[in-house]
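Quick note: numbers below take in every heavy atom, side chains included, and nothing from hydrogens, waters or symmetry partners. Each residue takes its place number in the sequence, starting with 1.
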Amino acid sequence: ALFELGQAEFWIGYTYFDKGELDEAQASFTRYGALTRRLVNADPNNAVYVMELAYTLMNLSGVERERQNPDAEKSLQLNQSAMQYNQIALVLDPGNAVYREDLANTMAFLADSWLDTCNLGKAFEFRKQGVELARQLLEEAPADTDRKRLLATALSGWASVQWRMSLLEPAIEGFRESEKLFSEMAQSDPANQTFLWGALYRRQLIAQHLVA
């Protein structure tokens, strides 16, 4: 019952977040987190509960980053904690593919938080780790579209950081590989406009960077 109540609070918070009502979203996500902590305290070796706590912290970080004057340090701390709980969940359930995919996303969010604090070195490090994990996941299941998309977004995220560090050629190579993956997905699923847009957007980025 506590778990389901937490899920309800999450979806209320998500709806508020989608509407741009950040204070209300934060309140719901905070209640979601409080319920999840009760679950973890009652059963600390339950990977599902631990992972829910990671999700809670990522949600709160996402709310903070959307604010007009975000607290970059607060967002960073939340994402650091989220990654720690994600890693604990994987220790408890090492074969869980979803948690591994989530870890790649968590690394991306953490990299963005480091970028917000102007720490390019840390942003580079976690983006690189995210790409390596996403590439490993795709190698294990080459036909998995979700994993292909995960790698495509990870590559362009890493390329953006590389460009800021004046690593121009690796950045363009990353954007090109990302565009290729999105193009492949668009060809295999022509009705999915998200894949087509992903490819077009990255072509635009490549063109802009080549001009620069």
- Where is the tightest heavy-atom contact between F29 and G13, given as atom of each residue plus distance? CZ-C, 3.5 Å
- Item | Considering all heavy atoms, the nearest T117-A72 contact | CG2-CB, 3.8 Å
Could you pull out every donor-acceptor pair under 3.5 Å between side chains of residues 1-12 and any protein atom, sequence neighbours left out?
from	atom 1	to	atom 2	distance (Å)
Q7	NE2	E52	OE1	2.9
E9	OE1	R31	NE	3.2
E9	OE2	R31	NE	3.1

Which side-chain N or O atoms in residues 165-178 pair as donor and acceptor under 3.5 Å with protein atoms at least two apart or in another chain?
from	atom 1	to	atom 2	distance (Å)
E177	OE1	R135	NH2	3.4
E177	OE2	R135	NH1	2.8
S178	OG	A152	O	2.6
S178	OG	R202	NE	2.7

- If you count the non-hydrogen atoms of other residues, nucleotides and ligands that lie under 6.0 Å from CZ in F17, is the total more than 12? yes
- For Y55, does the OH atom sit with more than 12 other heavy atoms under 6.0 Å from it, leaving out its own atoms? yes
- Can F195 and R149 be said to form a side-chain contact (heavy atoms from CB on, under 4.5 Å), step by step? CA-CA 9 Å; F195 296 155; R149 183 177 181 178; 4.0 Å; yes
- Within a strict 4.5 Å, meaning less than it, do heavy atoms of the T153 and F182 side chains meet? yes
Less than 3.5 Å apart, which donor and acceptor atoms pair up between the side chains of residues 203-212 and the rest of the protein, not counting sequence neighbours?
from	atom 1	to	atom 2	distance (Å)
R203	NE	E179	OE2	2.7
R203	NH2	E179	OE2	3.3
R203	NH2	S183	OG	3.3
H209	ND1	L205	O	2.6

Please report, to 0.1 Å, the donor-acceptor pairs under 3.5 Å made by any side chain of residues 36-43, with sequence neighbours excluded.
from	atom 1	to	atom 2	distance (Å)
T36	OG1	Y32	O	2.8
N41	ND2	R37	O	3.2
D43	OD2	N46	ND2	3.3

- R65 and S113: which non-hydrogen atoms are nearest, and at how many Å? CD-OG, 4.3 Å
- Hey, quick one: are L181 and L196 part of the same hydrophobic cluster, counting side-chain heavy atoms closer than 4.5 Å, chains of contacts allowed? no
- Scanning both residues in full, the closest heavy-atom pair of G33 with T56 reads CA-CG2, 3.2 Å
- Minimal non-hydrogen separation, T106 against N79, with atom names: CG2-O, 4.4 Å
- State, to 0.1 Å, how close A108 and R127 come at their nearest heavy-atom pair, and which atoms those are. CB-NH1, 3.4 Å
- Message: Run the salt bridge (Lys or Arg N to Asp or Glu O under 4.0 Å) test against E140 and tell me which residues pass, sequence neighbours left out.
- Response: R100, R147
- Task: For side-chain contact (heavy atoms from CB on, under 4.5 Å), just list the numbers for N192 and T145, CA-CA rounded to whole Å, side-chain angles, deciding distance to a tenth of an Å, and then say yes or no.
- Result: CA-CA 12 Å; N192 192 319; T145 301; over 6 Å; no
- Message: Applying salt bridge (Lys or Arg N to Asp or Glu O under 4.0 Å), can you list everything that pairs with D23, at least two apart in sequence or on another chain?
- Response: R67
